[in-house]
Visitor: 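Questions regarding the structure given below will be posed in turn.
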4 protein chains.
Amino acid sequence: MTAQLARSGRGRRPADEVRRDALDAAARLLLEQGVAGVTYDRVAASSTVSRTTLYKWWPSAAALAAEAFFTASEPELELVDTGDVRADLRAQLGAFADLMLRSPAGPALRGLIAAAQSDDAVLAALQEHYVRPRRRIGGAALERAQQRGQLAAGVDVQVVVDQIWGACYYRLLTEPDTVTTGYLDALVSQALRGAR
Amino acid sequence: MTAQLARSGRGRRPADEVRRDALDAAARLLLEQGVAGVTYDRVAASSTVSRTTLYKWWPSAAALAAEAFFTASEPELELVDTGDVRADLRAQLGAFADLMLRSPAGPALRGLIAAAQSDDAVLAALQEHYVRPRRRIGGAALERAQQRGQLAAGVDVQVVVDQIWGACYYRLLTEPDTVTTGYLDALVSQALRGAR
Amino acid sequence: MTAQLARSGRGRRPADEVRRDALDAAARLLLEQGVAGVTYDRVAASSTVSRTTLYKWWPSAAALAAEAFFTASEPELELVDTGDVRADLRAQLGAFADLMLRSPAGPALRGLIAAAQSDDAVLAALQEHYVRPRRRIGGAALERAQQRGQLAAGVDVQVVVDQIWGACYYRLLTEPDTVTTGYLDALVSQALRGAR
Amino acid sequence: MTAQLARSGRGRRPADEVRRDALDAAARLLLEQGVAGVTYDRVAASSTVSRTTLYKWWPSAAALAAEAFFTASEPELELVDTGDVRADLRAQLGAFADLMLRSPAGPALRGLIAAAQSDDAVLAALQEHYVRPRRRIGGAALERAQQRGQLAAGVDVQVVVDQIWGACYYRLLTEPDTVTTGYLDALVSQALRGAR
DNA sequence: CGATAAACGAGACGGTACGTCACGTCTTGCC
DNA sequence: GGCAAGACGTGACGTACCGTCTCGTTTATCG
């Protein structure tokens, strides 16, 4: 009855608890310091999880950062459907550009896309939890518009998705200063004109 | 005791010679091992230039890699003007996608775009020596088509540039496997339809 | 679904079987890789015994190595008594030096003596299963010689034991290259001269 | 006048200063915690020297400990020559046994001899800075006695050295409790009787 | 034209991070 | 209940780079 209340920290713990701990710390570091700030060392230091365990669960620090990011911000992006395609797309695109340019999530996401160029695990996570879901949402909205007759029947909606969001991403990655309200307007108008 | 066979390499040397040496080594490393392979240490080891000097001339290893890349492949991309906009754009886009997907320059360029997300020097170099020149070339071709009446007068050609190349870049960075011949066809067609 | 082909190894097993298994694996590792090669992890990996069980039975990996060594090579050392003390001692000493210098048991034993300097369990095992038994055998031989009048009556035979084997051990531990045939001859002669 | 007196610590420093710093810290750790307490990590943490530098200068933590020990206690052991060999040897042996059994240097030295069994750099240092110098001193004393006619002419003094110190080392390493005053007396007497 | 200052090479130094290994602790699921 | 399997925190190892700093050498420049 000597009361060994003090949890030493060693020994096995529930995997979920450990993973959540690590992801929380990683998400915090990611938003505060960018992808480069998420290292195995720092995540271990700012959580209860040991480096050894981090290595066991994630193939790279960037992969950990990616999972942390996508776990923390899963739902985020919905596209309201008011019936007015142009307005809906423009609103969503504006919110997205705002996120990228004015919230800490922007640099984080840019950093993850960057990391994906040399880290297959990050690329896979990016595709699975980010790129493809958003592509589906945008595509679905355009398809609904197509069924309403607002878009031409033969148009490949995925191409239109790229011409709106892909173009925007490209500017955000290479010339972020040029992503203005006017540019976003033109982007949506031009894309819809081609699809009408 | 006249022969000074052993060129020690020490002492002052013409700056240009030194810079060229460093850039050559950096370019080689970049193409062979990617951006991450270009470190001050390795460039110094595989050239006659010392780390001290590298630090003096370039703010980061990635910046050195960028300059090496753009110096080595300055002219590269021209856009032939046959009068047939669609064909010209399609040809250029195809050559570009090929470069990105099937030559060592592809990973290098992807890596540089990635590095630019966390390295302002790289971003600046990328904009100055790569993004803007190519944007100008593409824009000029579209303007010529516009003057020939092949494109509507009010269209912002830079938006069209983004809808072709920007969209393509986005796929190359996030879902490279989906960049197929058919996709490129659709991209050009769709963009031109919107600009007609 | 009768066949229980897969012997899972789990569940309770006879303690002796488990211990023998562990000791066998430890002995193998000890002879092949030295004391440092005997770790709980490696013994568990190269036997059917789990780490949990190893920790339960042995206070340290070196202690396990020690027990493995002494269990495997208990009888080993006999000292033939032909009546000629000098020849008998010299023969035994030669065999011992040979063992230490030219068999895998040599490094193992040197390693155990080393481990004993910072591991009381190893020291205790070493004394009980190695040092004292051999000291008894050598002492008994010398006492027989003493009773035959070949050694002076007042001589402390344990001191003579040290002056032969102890001296030899010291050289084997600190200057193994200097343990030559001539040295062993001189050692025995000198010790017996002092004891005559 | 912001006074940037604060030495950043980075950059090159005189090699001797660095080495001395490291050796000081290592010596302290060695005496306080034994050989196992001297790790690259701890030496770096308790000195101004970085781990990288320690790895550059010493092949193993034990080798660093060895150099620290021998640098700190170079002269130590002299053997006074009063003309009475027996008394001189006995006095020196007593002082040595005392050092080994009752000072922090004892465990340190035992640990270094142990480390030498699996670390050639330690073995070499031990031989060069400890074993051979002391063997020379003891041998020289015995040779002087030999020239004075106190020892027989044909006796190999190095064998006598082993029979005194070697025997003592062996007991100190394997049965330290048995190294008593009486034992040391017997050791010297017995060895000298054999050499008379 | 010779002395001087600038630029260079070599490379050590304090750090941070990586990826691995072993230790000792602890939990879960078989048998 | 005892065992295997195996995850966990800890701490050490050895390596790669980074950015800083020192030293000695060589060369361009200027007195």
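The sequence lines fix the lettering, A, B, ..., with proteins before strands; numbering per chain opens at 1.
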Visitor: Could you tell me the separation between the CZ atom of B/R20 and the P atom of E/dC8, rounded to a whole number of Å?
Guide: 14 Å
Visitor: So, is D/R42 near the phosphate of F/dA12, with a side-chain N or O under 4.0 Å from OP1 or OP2?
Guide: yes
Visitor: When the distance from OH of A/Y55 to P of E/dA17 is rounded to whole Å, what number comes out?
Guide: 10 Å
Visitor: Just do the side chain to side chain donor-acceptor pair (under 3.5 Å) check on C/S47 and C/D21 with the steps written out, would you?
Guide: CA-CA 6 Å; C/S47 74; C/D21 242 50; 5.1 Å; no
Visitor: Would you kindly compare C/S50 and B/T39 by the position of their nearest DNA chain F nucleotide and give the one closer to the 5′ end?
Guide: C/S50
Visitor: Nearest whole Å is fine: how far is F/dC18 C1' from B/L64 CG?
Guide: 14 Å
Visitor: Side chain of A/Q117, backbone of B/I113: donor and acceptor closer than 3.5 Å?
Guide: no
Visitor: In whole angstrom, what separates B/D119's CG from F/dC17's C1'?
Guide: 16 Å
Visitor: Would you indicate what B/A44 reaches in the nucleic acid, counting non-hydrogen atoms under 4.0 angstrom: base, sugar-phosphate, or nothing?
Guide: nothing
Visitor: Mapping C/A36 and A/A36 to their closest nucleotides on DNA chain E, which lands nearer the 5' end?
Guide: A/A36
Visitor: Calculate the interatomic distance between C/L54 atom CG and F/dG6 atom C1'; express it in whole Å.
Guide: 14 Å
Visitor: Would you call B/Q33 and B/R42 a side-chain contact if the rule is heavy atoms closer than 4.5 Å?
Guide: yes
Visitor: Of all the nucleotides listed (F/dC13, E/dC8, E/dC23), which has the minimum atom distance to the side chain of D/A61?
Guide: F/dC13
Visitor: Keeping D/Y40 on the side-chain end and D/S60 on the backbone end, is there a donor-acceptor pair under 3.5 Å?
Guide: yes
Visitor: Nearest to the C/Y40 side chain among E/dG24, F/dA12, E/dG9, which nucleotide is it?
Guide: E/dG24
Visitor: Between the side-chain atoms of A/T52 and the base atoms of F/dT10, is any donor-acceptor pair under 3.5 Å?
Guide: yes
Visitor: Taking OP1 and OP2 of F/dA7, is either one under 4.0 Å from a side-chain nitrogen or oxygen of A/T53?
Guide: no
Visitor: Would you mind reading off the distance between D/R19 atom CZ and E/dA12 atom P, rounded to a whole angstrom?
Guide: 13 Å
Visitor: Would you say the base of F/dG6 and the side-chain of C/R51 have a donor-acceptor pair closer than 3.5 Å?
Guide: no
Visitor: B/Q33 has an atom CD; how far is it from atom P of F/dC17, in whole Å?
Guide: 9 Å
Visitor: Ignoring backbone atoms, establish whether A/W57 has a side-chain N or O less than 4.0 Å from OP1 or OP2 of F/dC8.
Guide: yes
Visitor: Should C/W57 and C/V49 count as side-chain neighbours, where that means a heavy-atom distance under 4.5 Å?
Guide: no
Visitor: Would you kindly give the CG-to-P distance between A/D41 and F/dT10, to the nearest whole Å?
Guide: 14 Å
